[in-house]
Protein chains: 2
Amino acid sequence: MADKAGGRRGRRAQGQGAEARPDEPILTRERIAATAVDMLDAKGLDGLTMRGLAEALGSGVMSLYWHVENKEAVFDLALDTVLEYRGPTALQDWRGDIVHVLEDWRATMLRHPWSALLLPRRALGPNILVRLERLSACLSAGGVADVDVNAAIWSLWNYVMGATVTRASFGPSDADREASQERLAELGTLYPSIGRSGLLLDDDWDGTFRRGLDFLLDGIAPKR
Amino acid sequence: MADKAGGRRGRRAQGQGAEARPDEPILTRERIAATAVDMLDAKGLDGLTMRGLAEALGSGVMSLYWHVENKEAVFDLALDTVLEYRGPTALQDWRGDIVHVLEDWRATMLRHPWSALLLPRRALGPNILVRLERLSACLSAGGVADVDVNAAIWSLWNYVMGATVTRASFGPSDADREASQERLAELGTLYPSIGRSGLLLDDDWDGTFRRGLDFLLDGIAPKR
DNA sequence: AAATAGATTCGTACATTGTACGAGATTTGC
DNA sequence: GCAAATCTCGTACAATGTACGAATCTATTT
């Protein structure tokens, strides 16, 4: 390797890492989080290694451990970084607002597909709670009975979660898609209904998401 | 893929493994799958190692690789093993049938919580397709318009998926639960709505699942 | 200026993992 | 009996997370 001998390396990173401010500290939780996000975006869930992260930051591997407990903590950090909600606060049309919150949520996660795989495995960070809070407010504003609000929130959560996790895993991978396609050969005989309807061929993910969401909201909407 | 050359080879293991039938082959895809399931049930997703699996089977580690491509294939095998659908075939009440299929699906996955984490990441195995086929048939029988069937299936899929994945990760872990609880302290001020409704305190998972499912089915049910 | 205490960095070492490779053993087909 | 096919498995290696403790840096006090 290049930087082996001697070893009196300055605090300046000599390498390829993202480096800008001369007086910014090399290692902070924020920089670690941001770099982890970049790396996850570029190379996926398994692509993030502590060694790689350190290299990208221009630091030694073990230096990271001063700032984060372990690799799990890096995941938590990256996840919460990505899930911050920036959106309009004003609400007028409750149903439109809900749709907006959920579509934004889904879009955010799909921009960083690893987050969809990660979120269900971790505790709810503050940025998720913000989104849930907003949902709750919309539902109440929309006249959903108090006794129904919790069930409604969870069903919406479940729906976005399922849709996004599914999309994140089936979408980008060509291998999966081919496998499904291949399976369609036998579909005709074994699975008549879903064969005929072309269930697995549908790739209008956004439209399908929206239509299913409408089903759900139809069911939730206050009946009078 | 299913059957190689039929052959009764009685290999004798010298070791410590679980051993019963004298003339059953030590290693088959079925035995590997079954043992993997046991091990996953006992020790979770990260608890399954090729070495551990081999030891439990009383074989050498590398012997496994004659029967399975790699560790991923073991996951696929275990997943499909667990997801086999045994249920009544007769359908009378379409809505009741759908509820049954989905509740059985969810229950099956929660009996093996790792499966919930795994399923979204893998291609759809035959046993999943059986369940989807059944859903499709129920919906059609229930008078859901053809153009709506696919969206309905996916929304049901999304819902079960989200609910189960969420339950599987939040449910058994006490740490997560404590973290949420702890967070409730600040809820009062930061998150008034979900604080007031006790969203995170609700632990009637089954009931909530059922109520949300009813919302969704209300929305899907043929209108008029 | 010198000393000291804390904060931060990081090289080395190790245990664990999946699995490539190829040699050995066993079974099957003739 | 023999050769090919089938199956088993020990060894070896590369990649990973991280424990440990030494080295360096910064600020504060003397």
Side-chain angles (χ1 to χ4, degrees), chain A residues 1-15 17 19 22-32 35-36 39-40 43-78 118, chain B residues 1-17 19 22-32 35-36 39-40 43-78 118 121:
Chain A
M1 293 317 219
D3 47 23
K4 190 75 199 288
R8 200 54 355 207
R9 96 162 74 281
R11 36 184 325 83
R12 288 283 193 283
Q14 81 296 20
E19 176 94 26
D23 53 343
E24 288 282 320
I26 303 268
L27 285 185
T28 61
R29 290 191 127 235
E30 289 71 24
R31 258 173 64 72
I32 290 177
T35 310
M39 189 158 286
L40 285 165
K43 307 163 74 171
L45 255 190
D46 297 336
L48 179 72
T49 69
M50 296 302 270
R51 278 170 238 262
L53 188 55
E55 190 178 352
L57 284 161
S59 81
V61 196
M62 294 313 290
S63 307
L64 299 175
Y65 286 86
W66 175 259
H67 302 270
V68 297
E69 176 99 9
N70 49 30
K71 194 183 181 182
E72 297 270 287
V74 177
F75 280 134
D76 285 339
L77 231 40
L118 222 45
Chain B
M1 59 198 327
D3 203 355
K4 324 219 73 120
R8 295 265 90 52
R9 57 206 130 278
R11 267 299 284 114
R12 210 59 253 209
Q14 80 298 17
Q16 57 267 1
E19 178 91 28
D23 55 342
E24 287 282 321
I26 303 271
L27 286 184
T28 59
R29 289 188 129 236
E30 289 72 24
R31 256 173 65 73
I32 291 177
T35 310
M39 190 159 285
L40 284 164
K43 305 160 77 170
L45 255 190
D46 297 336
L48 179 72
T49 69
M50 296 303 269
R51 277 169 238 263
L53 188 53
E55 189 178 355
L57 284 161
S59 81
V61 196
M62 293 314 289
S63 306
L64 299 175
Y65 285 86
W66 176 260
H67 303 269
V68 296
E69 177 98 9
N70 50 30
K71 194 184 181 180
E72 298 269 286
V74 176
F75 281 135
D76 286 340
L77 231 40
L118 222 45
R121 293 202 257 178

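This is a predicted model, so every value here is computed, not measured.
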Could you list the protein-to-nucleotides 17-19 of chain D atom pairs, N/O on both sides, closer than 3.5 Å?
residue : atom : partner : partner atom : Å
D:dG17  : OP1  : A:Lys71 : NZ           : 2.4
D:dG17  : OP2  : A:Met50 : N            : 3.0
D:dG17  : N7   : A:Arg51 : NH2          : 2.6
D:dG17  : O6   : A:Arg51 : NH2          : 2.8
D:dT18  : OP2  : A:Tyr65 : OH           : 2.9
D:dT18  : OP2  : A:Lys71 : N            : 3.0

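Residue B:Arg29 contributes atom CZ, which lies 12 Å from atom P of D:dC7 at whole-angstrom precision. Whole-Å rounding puts the B:Ile32 CD1 to D:dC7 C1' distance at 12 Å. The CZ-C1' distance, from A:Arg31 to C:dT9, rounds to 14 Å in whole Å. Rounded to an integer number of Å, the gap from CG of A:Leu27 to P of C:dT8 is 10 Å. As rounded to whole Å, 11 Å separates atom P of C:dT17 from atom CD of B:Glu55.
No donor-acceptor distance shorter than 3.5 angstrom exists from the side chain of A:Arg29 to the backbone of A:Val68, with no hydrogens or angles considered. The backbone N or O of B:Arg31 lies less than 3.5 Å from a partner atom in the side chain of B:Thr35, making a donor-acceptor pair.
Considering all non-hydrogen atoms of both residues, A:Phe75 and A:Leu48 come closest at CE2-CD2, 3.8 Å.
The side-chain hydrogen bond (donor to acceptor under 3.5 Å, both in side chains) test applied to A:Glu30 returns no partner, not counting sequence neighbours.
In this structure, A:Ser59 does not reach the C:dT9 phosphate: none of its side-chain N or O atoms is under 4.0 Å from OP1 or OP2. Side-chain nitrogen and oxygen atoms of B:Trp66 include none within less than 4.0 Å of the OP1 or OP2 phosphate oxygen of D:dT8. A close approach under 4.0 Å does occur between a side-chain nitrogen or oxygen of A:His67 and OP1 or OP2 of C:dT9. Distances shown here put every side-chain N or O of B:Ser63 at or beyond 4.0 Å from the OP1 or OP2 atom of D:dT8.
Looking only at side-chain heavy atoms (C-beta outward), A:Leu27 and A:Trp66 stay at 4.5 Å or farther from each other.
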Apply side-chain contact (heavy atoms from CB on, under 4.5 Å) to the pair B:Leu64 and B:Leu57, showing each step before the final yes or no. CA-CA 9 Å; B:Leu64 299 175; B:Leu57 284 161; 3.8 Å; yes

